[in-house]
Amino acid sequence: MTLRIHDTRSKKKRFFTPIKDGKIGIYVCGITPYSPSHLGHARQAISFDIITRWLRKLGYDVNYITNFTDIDDKIIKVANKEGKDFLEIANRNIKDYFQVMDSLNVIRADEYSRVTETIPEIIDMISILIDKGNAYIGNDGVYFEIDTAPEKYGQLTGQTLEMVRSGAGGRVEGTGSGKRDHRDFALWKNAKENEPFWESPWGNGRPGWHIECSAMSLKHLGKEFDIHGGGRDLMFPHHEAEIFQSECCIGKENTVKYWIHNGMINVNGEKMSKSLGNFTTISETFDSVQPLALRYSLLNAPYRQPIEFNPSMLEESEKHQERLMLAYLGGTKLTNANDWSDYEFLNSASESFCNGMNDDFNTRVAIVELQSVVKKLQELLSTNSELDYISAIMGWLNEYAGNILGLIPDKDIVNSLLTKLDSKRNEVSTRVEDLLAQRQEARGQKDWDMADKIRDELNSMKVVIEDGPEGPTWKLEN
RNA sequence: GCACGGAUGGCAGAGUAGCUAUGCAAGGGAUUGCAGAUCCCUGGACCUGGGUGCAAAUCCCGGUCCGUGCUCCA
């Protein structure tokens with residue numbers, strides 16, 4: 001089965017073929033770093049992390065570019081409020097972004113382009129648009145004139161000029177500013193007092209919201225590239241504005257081959273967003289859940305579906321992720337990872353997994369396969385037999401749960417986890433074995449009160465007892 | 001209002017025509033003194049009204065409800 005991708009522009013799943021053989025350019029709209037990252041950002045980052053991981057797995061040479069919009073009204077607002085430089089605010093939040101995304105096992109993009117480092121390219125692009133007659137200079141900035149390319153309206157959202165012209169639900173902003181038409185959008189905003197600015201042929205100012213992505217994708221990926229991504233909420237106006245700017249500037253249509261949009265995170269049926277104030281930051285979430293469990297829960301639905309966020313969904317993921325880790329650590333202790341091609345069960349799991357991923361990156365289908373493989377591993381571990389099979393499963397897990405889904409931490413972390421567990425275990429081992437022997441004696445005499453008392457004591461040492469057919473075993477709570 | 005998308009068991013969530021999704025939760029069983037972990041089994045769903053088909057959760061039309069976008073947003 002070959003890869004199919006749902007393309008927002010054509011509104012259907014299309015078989016994927018790159019523009020250039022073997023190479024893929026992908027640009028994803030990043031964040032405006034005016035506050036710490038919330039779960040919506042995690043969903044976006046993880047969605048495209050999975051997409052690039054899978055494209056690479058398919059053998060493509062992927063160039064993954066994303067950005068920080070590090071100058072913007074909201075950043076300025078926060079900066080003024082705190083009496084700090086706008087870049088200090090941006091950098092602080094970018095630092096937070098990297099920190100949480102690293103712990104979510106998001107592989108870093110090849111480039112994190114920044115608006116403040118792309119000003120010359122942005123100015124070039126605006127100049128071209130003015131020269132070509134697509135943009136005009138208003139009294140407070142430069143604007144793109146929609147009427148110069150009306151056929152490009154509604155490319156992603158299906159809206160027509162007339163619809164928006166006629167009312168937009170009564171929420172049309174007055175032209176007010178230097179705009180000729182309320183649908184025109186700013187390419188360059190003249191600086192007001194006490195605002196950061198850059199020099200330009202049109203006076204001191206800064207870029208409008210949409211132009212930076214057109215300029216940055218052009219700068220890093222060229223005039224045409226394969227995939228442009230971002231959150232669903234960016235379809236309009238942001239991505240449609242990009243289509244206007246890029247296509248008019250470059251003089252070509254369809255400069256992006258596939259448009260990919262990830263779904264939103266909902267809270268009580270409503271989109272999580274900064275403006276509604278119903279957001280949970282990623283680092284907050286880590287107080288109650290392991291980072292990889294959060295990752296798991298975000299992969300538990302296909303990237304385009306909305307995800308309803310609530311505590312029980314996190315609990316369930318935590319359970320699954322813990323089960324995966326316990327089984328994985330158990331296997332790691334016993335044997336090394338190995339090739340799995342001799343095992344029919346694992347081959348068919350791979351096949352279903354890959355079919356799911358090739359069907360527009362359906363991680364939910366992939367996770368079902370993962371669950372069945374983990375179950376198999378638990379089964380083998382509980383009987384402690386078939387080491388060859390276990391090592392084949394470990395190989396499978398490294399590839400699919402690790403490299404593709406990113407649910408297994410780095411080898412170093414796994415090893416340190418194991419040694420940490422071991423050393424802790426050694427620390428308490430003598431004492432535990434001693435108590436355990438006493439408990440066994442009590443149990444032999446059917447002195448259940450005594451036995452349970454000892455068990456309570458062990459529990460208070462964070463030691464969990466599991467009585468089995470071959471006597472009790474114990475482990476440390478993490 | 002307009003555009004786009006969605007409606008599946010208690011919950012989460014796959015599935016574009018015919019065959020058990022899956023997981024969590026629930027119930028039963030194995031194991032156990034109890035507990036836990038693990039294993040086995042069970043029940044339970046396709047918003048609504050029409051249509052097409054031998055056959056529809058799946059395709060078509062109408063309705064209802066919900067979400068997103070139309071304003072900053074991942």
Side-chain angles (χ1 to χ4, degrees), chain A residues 8 11 13 28-32 34-35 37-48 66 69 72-74 77 97 154 156-160 162-173 182-183 209 229-240 261-266 269-276 279 297 300-308 310 312-313 315-317 319-320 323 326-327 352 356 359 362-372 375 378-379 381-383 442-444 446-449 451-452 455-456 459 464-469 472-475:
Chain A
T8 311
K11 296 186 182 64
K13 288 184 191 171
V28 178
C29 289
I31 60 159
T32 301
Y34 72 90
S35 63
S37 296
H38 64 75
L39 291 172
H41 301 129
R43 161 96 125 148
Q44 184 256 38
I46 288 173
S47 296
F48 289 96
T66 185
T69 302
D72 147 285
D73 292 355
K74 289 187 175 160
K77 204 170 152 191
Y97 178 87
L156 300 175
T157 56
Q159 302 177 102
T160 64
E162 280 62 35
M163 287 172 191
V164 182
R165 193 174 349 232
S166 68
R171 279 186 285 181
V172 172
E173 55 180 290
H182 74 265
R183 293 160 304 158
W209 176 35
R232 238 192 123 69
D233 52 353
L234 294 184
M235 273 164 47
F236 189 99
H238 186 57
H239 286 160
E240 292 203 0
H261 290 99
N262 65 274
M264 301 290 102
I265 302 238
N266 290 167
E270 263 186 330
K271 174 184 157 190
M272 175 182 289
S273 73
K274 293 188 205 173
S275 43
L276 285 174
F279 64 91
S297 68
N300 204 217
Y303 75 89
R304 287 191 293 133
Q305 296 304 119
I307 288 181
E308 178 68 26
N310 57 48
S312 69
M313 151 261 210
E315 279 166 31
E316 192 177 325
S317 302
K319 213 175 278 186
H320 281 294
R323 192 174 293 178
L326 278 176
S352 305
D359 183 12
N362 191 331
T363 49
R364 172 63 208 179
V365 169
I367 275 188
V368 167
E369 291 312 311
L370 170 61
Q371 285 173 348
S372 80
K375 197 170 176 183
Q378 284 176 322
E379 199 183 311
L381 285 174
S382 69
T383 56
R443 290 180 79 205
K446 295 195 192 296
D447 184 354
W448 310 126
D449 284 349
D452 290 347
R455 181 166 62 195
D456 287 345
N459 285 346
V464 182
I465 304 300
E466 291 173 4
D467 292 322
T473 57
W474 62 279
K475 63 178 186 187

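In the text below, chain A, chain B and the rest are named by the order of the sequence lines, each starting its count at 1.
Among the protein residues, G40(A) comes within range of the nucleic acid bases, having at least one heavy atom under 4.0 Å from a base atom. Backbone-only contact: E270(A) has heavy atoms under 4.0 Å from sugar-phosphate atoms and none from a base. If you check every strand for non-hydrogen atoms under 4.0 Å, H320(A) touches sugar and phosphate atoms only. As judged by a 4.0 angstrom heavy-atom cut-off over every strand, I265(A) is placed among the base-contacting residues. Within the nucleic acid shown, G154(A) has no heavy atom closer than 4.0 Å to any nucleic acid atom.
The side chain of K319(A) places an N or O atom within less than 4.0 Å of a non-bridging phosphate oxygen (OP1 or OP2) of rA25(B).
The same atom, P, is picked in rC47(B) and in rA57(B); the two are 10 Å apart, to the nearest Å. Distance noted for atom P between rG36(B) and rG28(B): 13 Å (whole Å). Separating the C1' atom of rG69(B) from that of rA74(B) is a span of 14 Å, rounded to the nearest Å. A distance of about 10 Å separates the C1' atoms of rA21(B) and rG13(B), rounded to the whole Å. rC19(B) and rC61(B) have their P atoms separated by 25 Å, with the value rounded to a whole Å. Across the P atoms, rU8(B) and rC66(B) are found 14 Å apart, a figure rounded to whole Å. The same atom, C1', is picked in rC46(B) and in rA56(B); the two are 11 Å apart, to the nearest Å. Here the separation of rG51(B) from rC39(B), taken at their P atoms, is 48 Å to the nearest Å.
When all heavy atoms are compared, the tightest approach of H261(A) to R304(A) is O-CG, 3.6 Å. Taking all atoms of both residues into account, the shortest heavy-atom contact from M264(A) to R232(A) is CE-N, 3.4 Å. Here the closest heavy-atom approach between residue T363(A) and residue A301(A) is recorded as OG1-O, 3.5 Å. Shortest non-hydrogen contact noted between S47(A) and Y303(A) is OG-CB, 3.7 Å.
No N or O donor and acceptor, one from the side chain of T157(A) and one from the base of rC4(B), sit under 3.5 Å apart.
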Return the polar atom pairs (N/O with N/O) between nucleotides 33-41 of chain B and the protein under 3.5 Å, or none.
| from | atom 1 | to | atom 2 | distance (Å) |
| --- | --- | --- | --- | --- |
| rG33(B) | N7 | R443(A) | NH2 | 3.3 |
| rG33(B) | O6 | R439(A) | NH2 | 3.2 |
| rG33(B) | O6 | R443(A) | NE | 3.3 |
| rG33(B) | N1 | D452(A) | OD1 | 2.9 |
| rG33(B) | N2 | D452(A) | OD1 | 3.3 |
| rG33(B) | N2 | D452(A) | OD2 | 2.7 |
| rC34(B) | O2 | R455(A) | NH2 | 2.6 |
| rC34(B) | N3 | R455(A) | NH1 | 2.8 |
| rC34(B) | N3 | R455(A) | NH2 | 3.3 |
| rC34(B) | N4 | D467(A) | OD2 | 2.6 |
| rA35(B) | N1 | D467(A) | N | 3.4 |
| rA35(B) | N3 | R455(A) | NH1 | 3.3 |
| rG36(B) | N1 | D467(A) | O | 3.0 |
| rG36(B) | N2 | D467(A) | O | 3.4 |

Verdict with reasoning, S317(A) to H320(A), per side chain to side chain contact (heavy atoms under 4.5 Å, CB included): CA-CA 5 Å; S317(A) 302; H320(A) 281 294; 5.6 Å; no
Could you walk me through whether I307(A) and M313(A) pass the side chain to side chain contact (heavy atoms under 4.5 Å, CB included) test, one step at a time? CA-CA 10 Å; I307(A) 288 181; M313(A) 151 261 210; 3.6 Å; yes
Run the side chain to side chain contact (heavy atoms under 4.5 Å, CB included) check on H38(A) and H41(A) step by step: do they pass? CA-CA 6 Å; H38(A) 64 75; H41(A) 301 129; 3.3 Å; yes
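Pair check for rG53(B) finds none; no Watson-Crick or G-U wobble contact set falls under 3.5 Å. As the counterpart of rC2(B), rG69(B) is assigned, both hydrogen-bonding distances of the Watson-Crick or G-U wobble pattern falling under 3.5 Å. rG10(B) and rC24(B) make up a base pair, with Watson-Crick or G-U wobble contacts both under 3.5 Å. A 3.5 Å limit on both hydrogen-bonding distances identifies rU38(B) as the Watson-Crick or G-U partner of rA30(B).
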Readout for nucleotides 13-22 of chain B: B = base within 4.0 Å of protein heavy atom, S = sugar-phosphate only, - = neither; 5' to 3' it is SSS-----BB
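Rounded to whole angstrom, the span from the CG atom of L156(A) across to the P atom of rG5(B) amounts to 13 Å. One can place CD1 of I31(A) at 18 Å from P of rC72(B), the figure rounded to the nearest angstrom. Between the CD atom of Q159(A) and the P atom of rG69(B) there is a distance of 12 Å, given to the nearest Å. M264(A) has its CE atom 14 Å from the C1' atom of rC72(B), to the nearest Å. Across the protein-nucleic acid pair, R304(A) atom CZ and rA7(B) atom P stand 12 Å apart, rounded to whole Å. Atoms CZ (R183(A)) and C1' (rU71(B)) sit 16 Å apart, rounded to a whole Å. Atom P of nucleotide rG10(B) and atom CD of E315(A) are separated by 20 Å, given to the nearest angstrom. For the pair K271(A) NZ and rC66(B) C1', the interatomic distance rounds to 16 Å; values are reported in whole Å.
In this structure, a donor-acceptor pair under 3.5 Å is absent between the side chains of T32(A) and K74(A). Side-chain atoms of R364(A) and N300(A) form a donor-acceptor pair, as typed in the model, at a separation below 3.5 Å.
N362(A) contributes a side-chain N or O that, together with a main-chain N or O of V365(A), makes up a donor-acceptor pair within less than 3.5 Å. Formation of a donor-acceptor pair under 3.5 Å by the Q44(A) side chain with backbone atoms of V28(A) is not found in this model.
Closest to the side chain of E316(A), out of rA74(B), rC24(B), rC4(B), is rC24(B). With rC4(B), rG69(B), rA74(B) as the candidates, the nucleotide lying closest to the side chain of F236(A) is rG69(B). Listed nucleotides rA74(B), rG5(B), rC70(B) differ in distance to R232(A); the shortest reach to its side chain belongs to rG5(B).
Within 6.0 Å of atom NZ in K77(A), 12 or fewer heavy atoms from other residues, nucleotides or ligands are found, so the atom counts as exposed in its surroundings.
In textbook terms, a nucleotide whose glycosidic angle is within 90° of 0 is syn, while rG63(B), being further out, is anti.
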